[in-house]
Amino acid sequence: MFSKRIKVKELLQLTPNEQEVTVMGWVRTFRNNQFIALNDGSTNNNIQIVVALGLLDDATLKRITTGAAIKVIGNVIPSVGKGQSLEIKANSIEILGDSDAEKYPLQPKKHSLEFLREIAHLRFRTNTFGAVFRIRHALTFAIHQFFNDKGFLNIHTPIITASDAEGAGETFRVTTLPIDGTAPRNADGSINFNEDFFGKSTNLTVSGQLEGELAATAFGNIYTFGPTFRAENSNTTRHLAEFWMIEPEMAFYDIEDNMDLAEEFIQYIISYVMEHNKEDLTFLDARLAEEEKQKPQNERQEFGLIEKLKFVVENKFERITYTQAIDILLNSPAYKKKKFKYDVKWGIDMQSEHERYLVEKHFKKPVIVSNYPAAIKAFYMRLNDGEEAGKETVAAMDILAPGIGEIVGGSQREERYDVLLKRMQQFNIPLQEMNWYLDSRRFGTVPHAGFGLGFERMVQFVTGMTNIRDVIPFARTPKNCEF
RNA sequence: UCCUCAGUAGCUCAGUUGGUUAGAGCAUCUGACUGUUAAUCAGAGGGUCACUGGUUCAAGUCCAGUCUGAGGAGCCA
């Protein structure tokens, strides 16, 4: 019965010559007891169904409401009306699922994103979220395609891990021990995790990088694409407690190779969406332009969405060192006029305002900043040679994007056993637990590098959505775990 | 976690100096119309003013606390 269904996307490509088709989908609007705008999620565009007077009895007509699921058999004809080139003259309409218009929350009118977030189970049915999630899918596909074409292996790193090795923020604990205070204790009163499911303290992963490095030292080039979890109490438009990350890791790569790959990668996946999701991007572009109009002149974006993406794809990213970045900030009018809230000097961890200045005011394009002070970066990053004492740097690189900030963080990894060991001791990393990681440096160690890209931030960048909660189907944030 | 702002009809909002029966647009329902495009026109229904406590003759309005949401900061991807 359902196999005859034609999707609206294909249907709209047809040349109308009265051919009979079967379409199914959800009613967006029903005007004049005569015109149904039907959407099936295959495209942002609706197909118009024309219901001739007398085709349906009154009771059935009343059941064609916003949100109802229907099956239509009819003929494809050229449209007399202005909004569309073709339409379907219905021969029969079957109600597959009723939708009580008095109770259905999605009305044929504009809704705020905040309201739609509260009904995230239904927001897929709106134009905006339809476009966002089709693009999210396209990006996912493009990412796998990019790496597959380059011979990278996709590695599934574990979601439950035993160490918060990277020190990347608070973790969610994983345990089967009771939480009512009756958990087994050690002599000193602390919880005895020997009794726990895994026989040790475990948590949800904050990154698959360390395991990724192990795979890279066998396969050469690998990437991970999976969920990660951070129990940080972050309440911003750029943070989620559960988010997806892409982490390529490459043997025989230095920091320059790493930057080249990251730049090519970002340009590739954006190009893919520009080619395959034109309608969705056009819709979001218009939506954003409309929103910009509401803002005062001085807060408006310089570029439209599509313009911005085109610019990123067609221009080389700016590359500077951390030291150069600090010099630019120190010599900036903003600094001289004391516009920065936080002070600037060599050694600081740059604040949002500094990164924004570099990306949005100074260069006005994506910027790759490299060679950060060793003191403010992770233990596994490779120490650069020949730096004076107190000015040591590591081969790290961050890609900063306009409007979002850090979108990629990566580095060449410390492959020298002795140096790594010393760094781990400095950072108080428990060596016993990390023996497996050190083995990669004991046996056939090799220069290697990699980076991590926050998937949702990438989706934000491509769709122009300003809140990260609107680019993941069901957002997990502090005090919110609905659906 | 910190700072700022907000919470009034299904949605978006107005509500004056504390004062009598809390309003509008859209949505919904009823009717009309029948080539509409967020259809149009006429009418109707719809409220625990976030919650708890306080001040007062009187609180949507003032005060305190709590909860929730938004924006910014920190942390980061």
Side-chain angles (χ1 to χ4, degrees), chain A residues 28-37 45-54 58 61-62 65-67 77-84 87 89 99-119 122 126-127 166-170 206-209 226-247 299 340-342 349-353 355-356 376-378 398-401 404-410 451-461 466-472 475 477-480 482:
Chain A
R28 284 289 174 82
T29 61
F30 186 28
R31 287 183 293 271
N32 219 1
N33 260 359
Q34 201 180 176
F35 303 101
I36 303 170
N45 299 317
N46 303 324
I47 180 76
Q48 171 154 290
I49 314 290
V50 183
V51 185
L53 279 170
D58 275 6
L61 270 180
K62 288 239 182 306
T65 54
T66 303
I77 56 169
S79 180
V80 183
K82 287 205 181 102
Q84 58 284 316
E87 61 193 15
K89 192 173 110 224
S99 172
D100 184 342
E102 257 179 289
K103 291 180 184 147
Y104 188 57
L106 288 175
Q107 303 159 359
K109 57 172 280 193
K110 258 191 190 139
H111 287 296
S112 67
L113 294 174
E114 289 84 359
F115 172 67
L116 292 173
R117 226 170 272 156
E118 289 171 20
I119 50 163
L122 296 170
T126 63
N127 287 330
E166 209 187 334
E170 295 293 310
V206 294
S207 160
Q209 182 204 311
T228 45
F229 308 87
R230 309 260 169 105
E232 293 288 347
N233 190 9
S234 299
N235 296 286
T236 77
T237 54
R238 311 178 299 283
H239 290 86
L240 292 165
E242 176 181 301
F243 65 99
W244 291 68
M245 199 152 56
I246 296 103
E247 296 181 289
E299 286 175 27
F340 292 132
K341 196 174 154 203
Y342 294 87
D349 206 351
M350 278 191 279
Q351 304 293 320
S352 297
E353 58 176 355
E355 296 182 346
R356 288 189 98 100
I376 59 169
K377 288 289 182 181
D398 285 356
I399 301 186
L400 311 176
I404 317 197
E406 187 181 338
I407 196 163
V408 161
F451 62 86
L453 175 130
F455 185 51
E456 280 75 17
R457 290 192 182 171
M458 194 67 221
V459 181
Q460 273 188 283
F461 187 74
T466 49
N467 194 316
I468 199 165
R469 293 161 203 147
D470 294 330
V471 299
I472 188 165
T477 50
K479 298 279 189 293
N480 191 333
E482 291 298 315

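Fair warning: this is a prediction, and the values are worked out from it, not measured in the lab. Just so it is clear: chains get the letters A, B, ... in the order the sequence lines come, proteins before strands, and each one is counted from 1.
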message = A/Val408 vs A/Asp398, test: side-chain contact (heavy atoms from CB on, under 4.5 Å). Steps then yes/no.
response = CA-CA 6 Å; A/Val408 161; A/Asp398 285 356; over 6 Å; no

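Note on A/Glu242: nothing from the nucleic acid sits closer than 4.0 angstrom, heavy atoms only. Using a 4.0 Å heavy-atom criterion, one finds that A/Arg117 contacts the sugar-phosphate atoms exclusively. Within 4.0 Å (heavy atoms only), A/Lys89 reaches no atom of the nucleic acid at all. Backbone-only engagement by A/Arg469 is indicated by non-hydrogen atom pairs under 4.0 Å involving sugar-phosphate atoms exclusively.
Without hydrogens or angle criteria, A/Gln48 side chain to A/Ala37 main chain gives no donor-acceptor distance under 3.5 Å.
At the phosphate of B/G72, neither OP1 nor OP2 sits under 4.0 Å from any side-chain N or O atom of A/Thr236. Between A/Asn480 and B/G69, a side-chain N or O to OP1/OP2 separation shorter than 4.0 Å is present. One finds no side-chain N or O of A/Ser234 lying less than 4.0 angstrom from the OP1 or OP2 phosphate oxygen of B/U1. The shortest distance between the side-chain N/O atoms of A/Gln107 and the OP1/OP2 oxygens of B/A38 is not below 4.0 Å.
When distances run from any side-chain atom of A/Lys479 to the nucleotides B/U68, B/U34, B/U37, the shortest one goes to B/U68.
When rounded to the nearest whole Å, the span between CG of A/Asp100 and P of B/G10 equals 14 Å.
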